[in-house]
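A quick write-up on the structure given underneath.
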Amino acid sequence: MKIVKKIKALVCLVCVTFVCALFPACDIQEFFNEFLGDSSSSSSDPMDVGSYGGAFTEEDISTIKSSDLSIHFPELGNKYTGDCTLIKVGETEILIDAGSRKGSSATLVPYIRQFCTDGVLEYVIATHAHQDHIAGFIGTNSADGIFESFECKTIIDYPLSDATSQVREDYEALRDAEVASGAKHYTALECWNNENGAQRSYTLADGITMNFLYQKFYEEETSDENDYSVCMLLTEGENNYLFTGDLEHEGEQSLVESNDLPKCVLFKGGHHGSPTSNTQALLEKIDPEIVCVCCCCGSDEYTENVANMFPSQAFVDRVAPYTDKVYVTTIVSDNEDEFESMNGDIVVMVKDGVVSVRCSNNATLFKDTDWFKENRVCPNAWK
């Protein structure tokens, strides 16, 4: 399949060269979409490639690559909320989720390739079976997904799911094809139980480990798909970084009760800053220093209640006593694409023990943005 696509791409390149020689003003991306039959151009699965924010400069990329550890929250290339996290430790890369739509792969794959230069993702984690977390693994006719674009050595995902979507079916079919080609596949419960070759803790480098945490919905059914989310704690020396997918309040309570959670330098904001996640019980336990939220800030995709739009007022009120270092990837806009960069691509990196944050668009804290000032009540801790 990959060879056929490469031949097709070569034919496209020759055609583009010819067409552009005749029509210098032609849009190359539009030509490729037309030629390859881009099925993602509909409003339900837009591509919107390269139409947002500022990319990292070569100097930025060099600095990020030189770090001992980097944790990336890339934008997704469209107006929809979703999750994707890339973790790089030396020559080892871990990808957690790939939202928000299948067309996001056109944005995510080039981003990841800047840092994963050998084409191998040592670990892939799919937290749960919602479109905004797994669609980019699949891709479109004109933009290969994560599974097609990279060699994925070990895939770890949700033990349970009630999702009946085509996206889940497509994801699992492609995952199983990866396994047939030599990838290893485990569930988070197998990791926790150290079963069938899976491990609760994986050593990524000297002093850096990836640790799978337990929460009861690995084994118990629930009416909320979000509570099936895989949870992982990355530990680097005395620094800890927590990733909980879209875990909701009941799942977070189980996470707190089932694990000895440490103070965390970084918390990937639960469920995109939802009011139903990021509970007091979890936050007081992990006492986060930095919180990164993957969402399209202010979008009415899920609600018209402004207070509950991501990142929600409840999220702000709960997080504020612990930190004001909150960063958000994308924001709604009245431009043609209906979105633009907020902080843009966000990278939390560690070099010689020093933790820093670098953003592709700007490093403005969420509390200092115009949108926050117009749409959120500032908590006393942030005044």
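The chain is numbered in sequence order, starting from 1. All heavy atoms count here, side chains included; hydrogens, waters and symmetry mates do not.
- Between Asp83 and Lys268 there is a salt bridge, with a side-chain nitrogen of the basic residue lying less than 4.0 Å from a carboxylate oxygen of the acidic one.
- Checked options Glu252, His128, His271; the residue passing with Ser229 is His128 (criterion: side-chain hydrogen bond (donor to acceptor under 3.5 Å, both in side chains)).
- Partners of Ser333 under the side chain to side chain donor-acceptor pair (under 3.5 Å) rule, at least two apart in sequence or in another chain, are Asn335, Glu340.
- Taking the six-membered ring for Trp and the full ring otherwise, His272 and His133 have centroids separated by under 6.0 Å.
- Considering OG1 of Thr92 and CE of Met210, their distance stands at 9.5 Å, rounded to 0.5 Å.
- Ion pairing between Lys88 and Glu93 holds under the 4.0 Å rule for side-chain N and carboxylate O.
- With Thr63 contributing its side chain and Glu59 its backbone, the two residues share a donor-acceptor pair below 3.5 Å.
- Listed by chain and number, the residues in a ring pair (Phe, Tyr, Trp, His ring centres under 6.0 Å) with Tyr214 are Trp192, Tyr218 (sequence neighbours excluded).
- Remark: the backbone N or O of Pro159 is not paired with any side-chain donor or acceptor of Thr187 at under 3.5 angstrom.
- Under the 3.5 Å distance criterion, with hydrogens and angles disregarded, no donor-acceptor pair is assigned to the side chains of Asn193 and Glu190.
- Residues passing the side chain to side chain donor-acceptor pair (under 3.5 Å) test with Asp157, sequence neighbours excluded: Tyr171, Arg175, His185.
- Using a distance-only test at 3.5 Å, with no hydrogens or angles considered, a donor-acceptor pair links the side chain of Asp224 to the main chain of Asn226.
- Trp382 places no side-chain N or O within donor-acceptor distance of the main-chain N or O of Pro321, the cut-off being under 3.5 Å.
- To the nearest 0.5 angstrom, Ile87 atom CD1 is 7.5 Å from Phe73 atom CZ.
- For Asn278, the side chain to side chain donor-acceptor pair (under 3.5 Å) test picks out no residue, with sequence neighbours left out.
- Glu250 pairs by the salt bridge (Lys or Arg N to Asp or Glu O under 4.0 Å) definition with Lys216, not counting sequence neighbours.
- Counting non-hydrogen atoms of neighbouring residues, nucleotides and ligands closer than 6.0 angstrom, the CG atom of Asp206 reaches no more than 12 such neighbours.
- Checking side-chain atoms of Asp337 against main-chain N and O of Phe339 turns up no donor-acceptor pair under 3.5 Å.
- With rounding to the nearest 0.5 angstrom, the CG atom of Asp227 is 7.5 Å from the NE2 atom of His249.
- Both the sub-6.0 Å distance and the 45° axial angle are not jointly satisfied by Arg200 relative to the ring of Phe212.
- From Leu255, atom CG reaches atom CD of Gln215 across 7.0 Å, with rounding to the nearest 0.5 Å.
- Contact check for Leu86 versus Ile71: no side-chain heavy atoms found under the 4.5 Å cut-off.
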### Task
Would you please test Asn343 and Thr364 for side chain to side chain donor-acceptor pair (under 3.5 Å) and show each step?
CA-CA 7 Å; Asn343 291 125; Thr364 305; 5.3 Å; no

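- A distance-only check finds a donor-acceptor pair linking the side chain of Ser105 to the backbone of Ala143 [under 3.5 Å].
- Proximity of a side-chain donor or acceptor of Asp68 to a complementary backbone N or O of Asp352 within less than 3.5 Å is detected.
- In the hydrophobic clustering (ILVMFWY side chains linked at under 4.5 Å, chained through shared members), Val120 stands by itself.
- Within the 3.5 Å criterion, the main-chain N or O of Pro262 finds no donor-acceptor partner in the side chain of Asn240.
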### Task
Evaluate the side chain to side chain donor-acceptor pair (under 3.5 Å) criterion for residues Thr330 and Glu75: first the C-alpha distance (whole Å), next the side-chain angles of each, then the deciding distance (0.1 Å), finally the verdict.
CA-CA 7 Å; Thr330 308; Glu75 291 197 87; 2.5 Å; yes

Please tabulate, one pair per line, all N/O donor-acceptor pairs under 3.5 Å involving side-chain atoms of residues 308-318, not counting sequence neighbours.
| from | atom 1 | to | atom 2 | distance (Å) |
| --- | --- | --- | --- | --- |
| Ser312 | OG | Gly273 | O | 2.9 |
| Ser312 | OG | Phe315 | N | 3.1 |
| Gln313 | OE1 | Val377 | N | 2.9 |
| Gln313 | NE2 | Asp317 | OD1 | 2.9 |
| Gln313 | NE2 | Val377 | O | 2.9 |
| Arg318 | NH1 | Pro275 | O | 3.0 |
| Arg318 | NH1 | Ser277 | O | 2.8 |
| Arg318 | NH2 | Pro275 | O | 3.1 |

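- Taking hydrophobic clusters as Ile, Leu, Val, Met, Phe, Trp and Tyr residues chained together by side-chain heavy-atom distances below 4.5 Å, Leu234 does not share a cluster with Leu242.
- Considering only heavy atoms from C-beta on, Val326 stays 4.5 Å or farther from Leu365 through its side chain.
- Scored by the ring pair (Phe, Tyr, Trp, His ring centres under 6.0 Å) test, His72 finds Tyr111, Phe115 as partners (sequence neighbours excluded).
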### Task
Mind running side chain to side chain donor-acceptor pair (under 3.5 Å) on Ser149 and Asp144 for me, showing each step along the way?
CA-CA 6 Å; Ser149 301; Asp144 289 342; 4.8 Å; no

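- Residues satisfying the salt bridge (Lys or Arg N to Asp or Glu O under 4.0 Å) test with Asp97, not counting sequence neighbours, are none.
- For Glu289, the salt bridge (Lys or Arg N to Asp or Glu O under 4.0 Å) criterion is met by Lys263, not counting sequence neighbours.
- Between the side chain of Asp60 and the main chain of Thr57, a donor-acceptor pair closer than 3.5 Å is present.
- A donor-acceptor pair under 3.5 Å is formed between the side chain of Asn361 and the backbone N or O of Met342.
- Linking Ile, Leu, Val, Met, Phe, Trp and Tyr whenever their side-chain heavy atoms come within less than 4.5 Å leaves Tyr241 and Phe267 in two separate clusters.
- The side-chain heavy atoms of Leu160 and Phe217, taken from C-beta on, include no pair separated by under 4.5 Å.
- We find that Arg101 and Asp132 are not joined by a salt bridge, their nearest charged nitrogen and carboxylate oxygen being 4.0 Å or further apart.
- Applying the side chain to side chain donor-acceptor pair (under 3.5 Å) criterion to Glu172, with sequence neighbours excluded, gives Tyr158, Arg168.
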Acceptor/donor pairs from residues 366-374 side chains to any protein atom, 3.5 angstrom cut, sequence neighbours excluded:
| from | atom 1 | to | atom 2 | distance (Å) |
| --- | --- | --- | --- | --- |
| Thr369 | OG1 | Phe366 | O | 2.8 |
| Thr369 | OG1 | Phe372 | N | 3.2 |

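- Rounded to the nearest 0.5 Å, atoms CG (Leu121) and NZ (Lys153) are 11.0 Å apart.
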